[in-house]
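Written out below as structure tokens is the structure these notes cover.
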Amino acid sequence: MYDFGQILKIPTVMMRGGTSKGLILRQADLPGDPKLRDLVILRMYGSPDSNQIDGLGGGTSLTSKLALVGPPSHPDAHIDYTFGQVSVESNVIDYHVTCGNFVTAVGLYAVEEGYVPLKEPVTAVRVFNTNTKKLIITEIPVKNGQIQYEGDFTIDGVPGTSARIMLNFPDSGGTFTDKTLPTGRPMDIVKLPDGREFEASIVDCGNVLVTVRAQDVGMQGTELESEINGNRELLHTLESIRVECGIRIGLIREEERAGVTGATHALPKIAIVASPVGYTAGSDKVVSPQDIDIVSRYISMGRLHRAHAVSGAIALVAAANIPGTIPNQLAKASGTGIRIGHPSGVLYAEATVERVGNDWAVTRAANGRTARRLIEGYAHVPVSVLRKQEEELRA
């Protein structure tokens, strides 16, 4: 290729993990300076642009994920994983959050790239998530010395079937705030600047999740994408609740309030929850109330998640097992496993909790996912990105 030094070529792997999709990049292939590294990555994705038309991003929060990987910094890990949420509309990559779906892809990638020797019937990949400082164990199925890609496991939101990859999140309570219940209470009263008050439960497990009752915000809980993303008043209310909760638990500073958006501060997340009720999912799949234990609509970066984040599901299931929380009040079943009705169908997750003093420990959380390598090669980035940064540094 005759680029005459105008193009920077970076080894790239695009993978799907669960209901998320994005790039897996090796730290060693990127600039060492974090600011310059992020400029290069944003250019690779085509951000900021709502369509990401001039990059590899998919134009949604679900298809604009990032995994930076490298040799393990934890003595018990096989690989380091730093998750980044690449903003679609802003010049920002948020590393103050994590993604359970995409760690599935990282586990499969680690085996494919030889970070971990194959072992039958399951190869356990110990992934160290640098965002949360936690180990996540991904179980890759192996048969006859080969990774098993084909299988009969399905996840709603992804067409077809694949081999199941189990995700295990040991000791996942207090991931970001050091407490499973960051306020010390299973439920809080949140007062908004306009005087309205809402009950909310805040749980930190995998991700920090705020849950509110659907009926309290004027919803049924079964609404789909157009009904939620097109409801500006609802989204404004949810964002206001999210920000107030974030300030209360120290994830958002009071002085930042005016400039906070889903792109600048991904945490805490927020979900609308309701008791089990039947509905037709976006895929025209009929979800029966007998098939689910709770209904959830998970908001990511100010928009409805088309399915449900795994880390958000783990937090929701943990909450459902803690007496006094809103999910605990609404969930049909009380046990380690909860079936969550989401916009694309049903997601099953488990969490085991036990009381420890004034808080709760989440000794184990787990979920089944699938993953697939989609393409590998080189991402092309104009060298002018590097020159522009050098000029700014000189200035």
Side-chain angles (χ1 to χ4, degrees), residues 19 48 50-51 58-64 85 87-90 97 156-157 188-202 207-247 252 257-287 289 292 294-309 312-313 315-316 326-327 330 340-347:
T19 53
S50 59
N51 294 315
T60 72
S61 64
L62 304 188
T63 54
S64 196
Q85 181 65 63
S87 176
V88 175
E89 298 180 348
S90 301
V97 66
D156 288 329
D188 288 89
I189 303 296
V190 180
K191 186 173 183 178
L192 303 188
D194 61 13
R196 290 181 295 163
E197 293 185 349
F198 295 89
E199 289 185 333
S201 292
I202 311 171
N207 256 341
V208 185
L209 181 67
V210 177
T211 54
V212 294
R213 296 183 192 88
Q215 65 180 32
D216 290 350
V217 292
M219 308 298 286
Q220 297 295 316
T222 58
E223 290 81 2
L224 299 180
E225 189 170 15
S226 62
E227 298 168 282
I228 292 180
N229 290 344
N231 190 335
R232 296 179 64 182
E233 182 179 350
L234 170 68
L235 292 176
H236 175 72
T237 296
L238 294 174
E239 179 66 4
S240 297
I241 296 171
R242 188 183 79 88
V243 171
E244 292 298 329
C245 290
I247 292 172
I252 300 172
R257 179 193 295 271
V260 171
T261 68
T264 62
H265 294 71
L267 288 182
K269 299 292 187 180
I270 189 166
I272 307 167
V273 292
S275 296
V277 62
Y279 62 94
T280 300
S283 57
D284 292 330
K285 176 178 180 176
V286 176
V287 178
I292 57 178
I294 195 168
V295 173
S296 177
R297 297 297 183 261
Y298 184 87
I299 307 300
S300 176
M301 298 181 72
R303 310 284 287 180
L304 177 69
H305 195 296
R306 291 177 180 174
H308 204 290
L316 179 58
I326 291 174
L330 297 176
I340 302 168
H342 59 75
S344 295
V346 182
L347 183 155

Q) Residues two or more places apart in sequence or in another chain: which of them pass salt bridge (charged side-chain N to carboxylate O under 4.0 Å, His left out) with Asp188? A)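 In terms of salt bridge (charged side-chain N to carboxylate O under 4.0 Å, His left out), with neighbours along the sequence ignored, Asp188 is linked to Arg185, Arg248.
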
Q) Partners of Glu239 by salt bridge (charged side-chain N to carboxylate O under 4.0 Å, His left out), sequence neighbours excluded? A)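 Checked Glu239 against salt bridge (charged side-chain N to carboxylate O under 4.0 Å, His left out); matches are Arg242.
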
Spacing of [atom1] belonging to [X] relative to [atom2] belonging to [Y], to within rounding of 0.5 Å:
{"X": "Arg297", "Y": "His305", "atom1": "CZ", "atom2": "NE2", "result": "12.5 Å"}
{"X": "Leu304", "Y": "Glu223", "atom1": "CG", "atom2": "CD", "result": "9.5 Å"}
{"X": "Ser296", "Y": "Leu209", "atom1": "OG", "atom2": "CG", "result": "7.0 Å"}
{"X": "Thr222", "Y": "Glu227", "atom1": "OG1", "atom2": "CD", "result": "7.0 Å"}
{"X": "Leu62", "Y": "Gln85", "atom1": "CG", "atom2": "CD", "result": "8.0 Å"}
{"X": "Ile241", "Y": "His236", "atom1": "CD1", "atom2": "NE2", "result": "10.0 Å"}

So which atom in [X] and which in [Y] form the shortest heavy-atom distance, rounded to 0.1 Å?
{"X": "Ala281", "Y": "Pro343", "answer": "CB-O, 3.3 Å"}
{"X": "Ala214", "Y": "Ala274", "answer": "CB-CB, 4.1 Å"}
{"X": "Gly221", "Y": "Val295", "answer": "O-CG1, 3.0 Å"}
{"X": "Ile340", "Y": "Ala313", "answer": "CD1-CB, 3.7 Å"}

Q: Verify side chain to side chain contact (heavy atoms under 4.5 Å, CB included) between Lys269 and Val97, making sure each step is shown before the conclusion.
A: CA-CA 9 Å; Lys269 299 292 187 180; Val97 66; 4.0 Å; yes

Taking C-beta and beyond as the side chain, do [X] and [Y] meet within less than 4.5 Å on heavy atoms?
{"X": "Tyr298", "Y": "Leu347", "value": "no"}
{"X": "Tyr279", "Y": "Ile292", "value": "yes"}
{"X": "Val88", "Y": "Thr60", "value": "no"}
{"X": "Leu235", "Y": "Asn231", "value": "no"}
{"X": "Leu316", "Y": "His308", "value": "yes"}
{"X": "Arg257", "Y": "Ile252", "value": "no"}

Q) Would you say Glu197 has more than 12 foreign heavy atoms packed within less than 6.0 Å of its CD? A)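 Yes, enclosed.
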
(Q) Keeping Asp156 on the side-chain end and Val346 on the backbone end, is there a donor-acceptor pair under 3.5 Å? (A) yes

(Q) Donor-acceptor check, side chain of Ser344 to backbone of Arg306, threshold 3.5 angstrom: yes or no? (A)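 Here the side-chain-to-backbone pair exists.
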
(Q) According to salt bridge (Lys or Arg N to Asp or Glu O under 4.0 Å), does anything in residues 209-219 pair up with another residue at least two apart or in another chain? List the pairs. (A)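 Found Glu199-Arg213, Arg213-Asp216.
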
Q) Any side-chain donor paired with an acceptor under 3.5 Å for Arg196 and Ser240? A) no

